[in-house]
Protein chains: 2
Amino acid sequence: MNTLSYGLLSLLNRNSRTGYELMQHIQPFWQAKHSQIYPLLAQLEQKGHVQFVHVPQSDKPDKKVYSLTELGREALRQWILKPTDEPVTRDELMLKVYCIGLVDRDQARKVIEDREVFYRQRLLKFEKSYEQLQQNCEKRLDELGLQDPQFSHYVLLHKALARVKGDLAWCDWVKAKL
Amino acid sequence: MNTLSYGLLSLLNRNSRTGYELMQHIQPFWQAKHSQIYPLLAQLEQKGHVQFVHVPQSDKPDKKVYSLTELGREALRQWILKPTDEPVTRDELMLKVYCIGLVDRDQARKVIEDREVFYRQRLLKFEKSYEQLQQNCEKRLDELGLQDPQFSHYVLLHKALARVKGDLAWCDWVKAKL
DNA sequence: ATGATCATGTAATAAGTTACATGATTGT
DNA sequence: ACAATCATGTAACTTATTACATGATCAT
């Protein structure tokens with residue numbers, strides 16, 4: 001059982017989903033392609049951590065809707081208590097910045113500006129999610145309790161938003177220096 | 001040529017280093033073990049991007065000090081101009097938080113507090129680097145120019161520091177909610 | 001004595017990406 | 001026409017981790 005497998009169980013604890021949907025929704029926390037997810041789901045099913053129902057569709061291709069079993073839920077609880085792996089970040093930009101003196105001001109500026117565009121798109125996406133969360137939630141977000149199904153989504157969005165804003169501020173700060 | 005290979009060249013552009021040192025110094029930007037780095041250095045040497053001198057040592061094991069060739073420096077310049085890959089972050093904690101409602105308050109608190117310890121250690125390490133940078137740099141850090149060899153180090157430390165501080169603030173904020 | 005740091009390397013495995021494969025619907 | 005989205009899966013390949021291997025100093 002690797003981390004991604006537990007990640008899939010973690011998402012399924014909230015909603016029953018297809019492999020395709022899992023692939024889309026796990027992206028902010030863990031980048032993975034469908035080719036990695038489908039085999040893992042088959043493994044999890046064999047272990048009895050998840051089960052699926054085959055749902056035929058006429059307009060779109062048929063799908064398999066996976067759901068978490070009680071065994072899977074217990075595995076999740078055990079996993080949470082185990083020591084958490086250190087976060088891994090691999091950012092090509094940081095490696096480029098380390099030798100940015102090799103190119104001239106304009107070229108250096110462009111490297112940063114391209115990343116800024118990427119961060120701004122992310123910010124928009126996260127802000128959209130934030131609005132959606134507020135809409136389908138009658139309570140005030142900051143009053144949500146631990147047991148509330150929306151709670152952790154809110155907590156994660158808060159982190160993601162703070163981080164992108166920080167990253168954008170850095171882009172701005174460093175551009176002024178170039 | 002993968003990103004890590006360019007990363008090694010990027011470090012070597014600043015200082016000539018051994019594989020062991022490269023392994024240590026690339027960690028903040030790109031997590032890689034020595035078993036990945038040594039074979040890549042051999043490849044880079046065959047391509048003529050780096051060269052090395054064998055340095056015998058009496059107390060410690062002998063070492064190979066690698067340095068960047070002009071061919072390697074030119075490869076770096078080309079790489080900087082190519083589109084930059086999106087950053088990849090894989091954080092088990094985020095996946096755990098997504099299903100944190102499965103455990104009780106105290107257990108949830110501990111998950112966050114463990115990560116807080118990790119972030120605080122990082123903060124200390126970065127702050128130490130910051131002091132070191134200030135010591136062997138007669139100019140004021142914020143007046144450093146693009147060509148200054150210390151410039152990008154300062155720019156990267158600034159980002160790393162801001163990020164850890166943000167992450168710690170999030171831990172604090174979320175703990176108050178649990 | 002036991003583990004940590006320095007220093008290099010290879011072998012085996014696991015994890016992740018890209019490419020191949022199919023096929024309908026919807027929008028430009 | 002052409003690309004995008006939905007939906008699943010496998011095969012080939014690259015990348016990254018863990019384990020194996022050696023061996024000297026230094027601190028606890």
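Within every chain, numbering begins at 1; the chains are lettered A, B, ... in the order of the sequence lines, protein sequences first and strands thereafter. The basis for the numbers below is simple: all heavy atoms, side chains too, and nothing from hydrogens, waters or symmetry mates.
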For [X] and [N], what is the distance between atoms [atom1] and [atom2] respectively, to the nearest whole Å?
{"X": "D62(A)", "N": "dA24(C)", "atom1": "CG", "atom2": "P", "answer": "12 Å"}
{"X": "D85(B)", "N": "dG16(C)", "atom1": "CG", "atom2": "C1'", "answer": "14 Å"}
{"X": "M1(A)", "N": "dT13(C)", "atom1": "CE", "atom2": "C1'", "answer": "19 Å"}
{"X": "N2(A)", "N": "dT13(C)", "atom1": "CG", "atom2": "C1'", "answer": "13 Å"}
{"X": "I26(A)", "N": "dG16(C)", "atom1": "CD1", "atom2": "P", "answer": "10 Å"}

Need to verify one output field. Residue with the more 5' nearest nucleotide on DNA chain C, S35(A) or P61(A)?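 It is S35(A), whose closest nucleotide lies nearer the 5' terminus.
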
Let me spell it out: for each of V65(B) and H34(A), pick the nucleotide of DNA chain C with the closest heavy atom. Which residue's pick is nearer the 5' end?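 Residue closer to the 5' terminus by nearest nucleotide: V65(B).
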
Do the side chains of [X] and [Y] get close enough for a salt bridge, i.e. N-O under 4.0 angstrom?
{"X": "K177(B)", "Y": "D142(A)", "value": "no"}
{"X": "K175(A)", "Y": "E116(A)", "value": "yes"}
{"X": "K110(A)", "Y": "D114(A)", "value": "yes"}

Does Y154(B) have its ring centroid less than 6.0 Å away from the ring centroid of W173(A)?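 They qualify: ring centres under 6.0 Å apart.
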
Would you please test K128(A) and E131(A) for salt bridge (Lys or Arg N to Asp or Glu O under 4.0 Å) and show each step? CA-CA 5 Å; K128(A) 214 176 264 177; E131(A) 283 167 39; over 6 Å; no

Using a cut-off of 6.0 Å, state whether more than 12 heavy atoms not belonging to R105(B) lie near its atom CZ.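 No.
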
Kindly indicate whether a cation-pi arrangement holds for R115(A) with Y119(A), taking the cut-offs as under 6.0 Å to the six-membered ring centre and within 45° of the axis.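 Yes, a cation-pi geometry holds between R115(A) and Y119(A).
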
Touch check for Q24(A), heavy atoms < 4.0 angstrom, all strands: base, sugar-phosphate only, or nothing?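 Counting heavy atoms under 4.0 Å across all strands, the contact made by Q24(A) is with sugar-phosphate only.
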
Considering every strand and a 4.0 Å limit on heavy-atom distances, what is the contact class for K60(B): base, sugar-phosphate, or nothing?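 Sugar-phosphate, backbone atoms only, no base.
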
Between which nucleotides of DNA chain D, 5' to 3', does chain B make heavy-atom contacts below 4.0 Å?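 Reading along DNA chain D, I get dT15(D) to dT25(D).
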
Is there a side-chain contact between R90(B) and the phosphate of dG16(C), meaning an N or O under 4.0 Å from OP1 or OP2?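 So the side chain of R90(B) is within the cut-off, an N or O lying under 4.0 Å from OP1 or OP2 of dG16(C).
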
Using the closest heavy atom to pick a nucleotide of DNA chain D for each, name whichever of Q57(A) or Q36(A) lands nearer the 5' end.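 Final value for this comparison: Q57(A).
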
